[in-house]
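In what follows, chains carry the letters A, B, and so on, assigned in the order in which the sequence lines appear, proteins first and then strands, with residues in each chain numbered from 1.
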Amino acid sequence: MRQGTTLILYTLFALLLQSAIVPLLVGNAFTIDLLVIYVVYLGMRRHSVGAVIASFVLGYLQDTISGTAYGLHAFTMTLVYTLVHVTSRHLWVENALSQIAVVGVAATIKHLAAALVLALFWGSGEVGTMLGALGWSVVVTALLSPPVFAILERADELAVEERD
Amino acid sequence: MWEFLQRNRVGLAATALMAFSLLLVTASLRSYRSDPFGFIVLEALRPLQGAVAVGWGVVTRAWRTYIDLVEVRAENEILRRRVAELEHQNLRIAEILETDRRLAELLKFRTNFLGDAQAAMVIARDPFPAFGTVTISKGEADGVRKGMAVVSPQGVVGRILTTSAHSARVLLITDHNSGVDALVQRTRARGIVEGSLDGRCSMKYLKREEDVTVGDRIITSGLDGVFPKGLLIGEVTHVTRGTRGLLQVAEVRPAARLETLEEVLVLDPGTRLRVSSGEAPEQPWLAAPR
């Protein structure tokens, strides 16, 4: 129950941040993708079909507020989850620096994958647009990952305590 | 088979969902049909997005108002300083113009005299009201000597009382120690204009039978050896003629504005009015004496 509430509130806040707050504050300079941080967290901590579906849904929710290609972010989020899930057994992601690095790589892959899909369906003209927003968005999102990870871990701990 | 599916369920689910995603992308690129799920999400986000936009608007407006106020305050301060500066400048310009006017008047007045006449500034006044003296900016180094006549474009001021190297004290005609030999311009009646302790002037030693009336002009007679003949001293404001005695007294209002004197002319002994020599006077009151 607590986990579900956390997920809904987190998703709402992430969508609001991405669609309303950040554009008001910094315009189109960059975006903060809190959802990709959550997907990375799921990829490292949850190895289940439910987590895959959650990643897909989070991506699809992002599609509802961004662009006209429904399924684009659903695809990239599922891809990010899968890659993190596959490599998580070989990664030691416990300190802030490693979290920043993993989220940075994941966010870069997400952008590159989106650009690739768009190039595949729309032609290469859109790739530049997608990659143009890559730099600062990846950096800012990666830098935010340690506190976000801490919040999500704390929420999980509280959920376990509640269950026990 | 079941075991394979169980073991790779996460990977298979991810692959299936990615394939489904790509199908969705393909479908959405073919037609821009609205997505019912997206509709719900947008509806859910709308009030929050609206609240953020409104809140942001309030914050930015408040911030702009604050910045505007700060700017207006700073601008106001600058303008206040500028106004004070301009007022000061305006005052200085008015003062320069006024000084210029007075000096031009003095210069014009000086042309009425034949002989040396020096312009001097009044630099100090007698601190006691009972005494009528002022200090001027010229002294012995400039040729100013005791007893010289001091005049202004309006009329007689007084005579030099004491001198130092670079300044001199002038005994005003209103001082009770002052006496100027004078004539009633209209009737040529003679008398002495003296000052008093209350700062007024009166013409004394006028014969009782002389015709003196209010409004008569009193001029210097030139007989005291100090003032050239024909300079205006003042105007009669009141005549006192007692029932007995041989004399009458006329109160005289000095023509020179002694309380506000700023520049004066110091006349050398022997200086004469140009009008006495038959030339046209610059000032109308310097009418040729009979």
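The environment of Arg46(A) atom CZ is dense: over 12 non-hydrogen atoms of other residues, nucleotides or ligands sit within 6.0 angstrom.
At a threshold of 4.5 Å between non-hydrogen side-chain atoms, the residues Leu34(A) and Gln18(A) do not count as touching.
With a 4.5 Å cut-off on non-hydrogen atoms, Val117(A) touches chain B through its side chain but not through its backbone.
Looking at Glu140(B) and Thr163(B), their side chains do bring a donor and an acceptor atom within 3.5 Å of each other.
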**OP:** Take Glu95(B) and Arg92(B), measure what salt bridge (Lys or Arg N to Asp or Glu O under 4.0 Å) needs, and give me the verdict at the end.
**Re:** CA-CA 5 Å; Glu95(B) 185 60 20; Arg92(B) 280 183 57 204; over 6 Å; no

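The residues Glu98(B) and Arg101(B) are annotated as salt-bridged, a charged nitrogen and a carboxylate oxygen being separated by less than 4.0 angstrom. With respect to the salt-bridge test (charged N to carboxylate O, under 4.0 angstrom), the residues Lys108(B) and Glu105(B) do not qualify.
Of the possible donor and acceptor atoms, one in the side chain of Ser98(A) sits under 3.5 Å from a partner among the backbone N and O of Asn95(A).
Using cut-offs of 30° and 60° for the angle between ring planes, the Phe149(A) and Tyr41(A) rings count as perpendicular.
Options Leu15(A), Leu12(A), Leu16(A) differ in how many heavy-atom pairs under 4.5 Å they form with chain B, and the most are formed by Leu16(A).
Of all residues in residues 77-87 of chain A, those placing a non-hydrogen atom less than 4.5 angstrom from a non-hydrogen atom of chain B are Thr78(A), Leu79(A), Tyr81(A), Thr82(A), His85(A). Of all residues spanning residues 150-161 of chain A, none has a heavy atom less than 4.5 Å away from chain B's heavy atoms.
For the side-chain contact (heavy atoms from CB on, under 4.5 Å) criterion with Val264(B), the lone passing option out of Ile136(B), Val170(B), Val151(B) is Ile136(B).
Closest non-hydrogen pair, His111(A) versus Ser137(A), comes out as NE2-CB, 4.4 Å.
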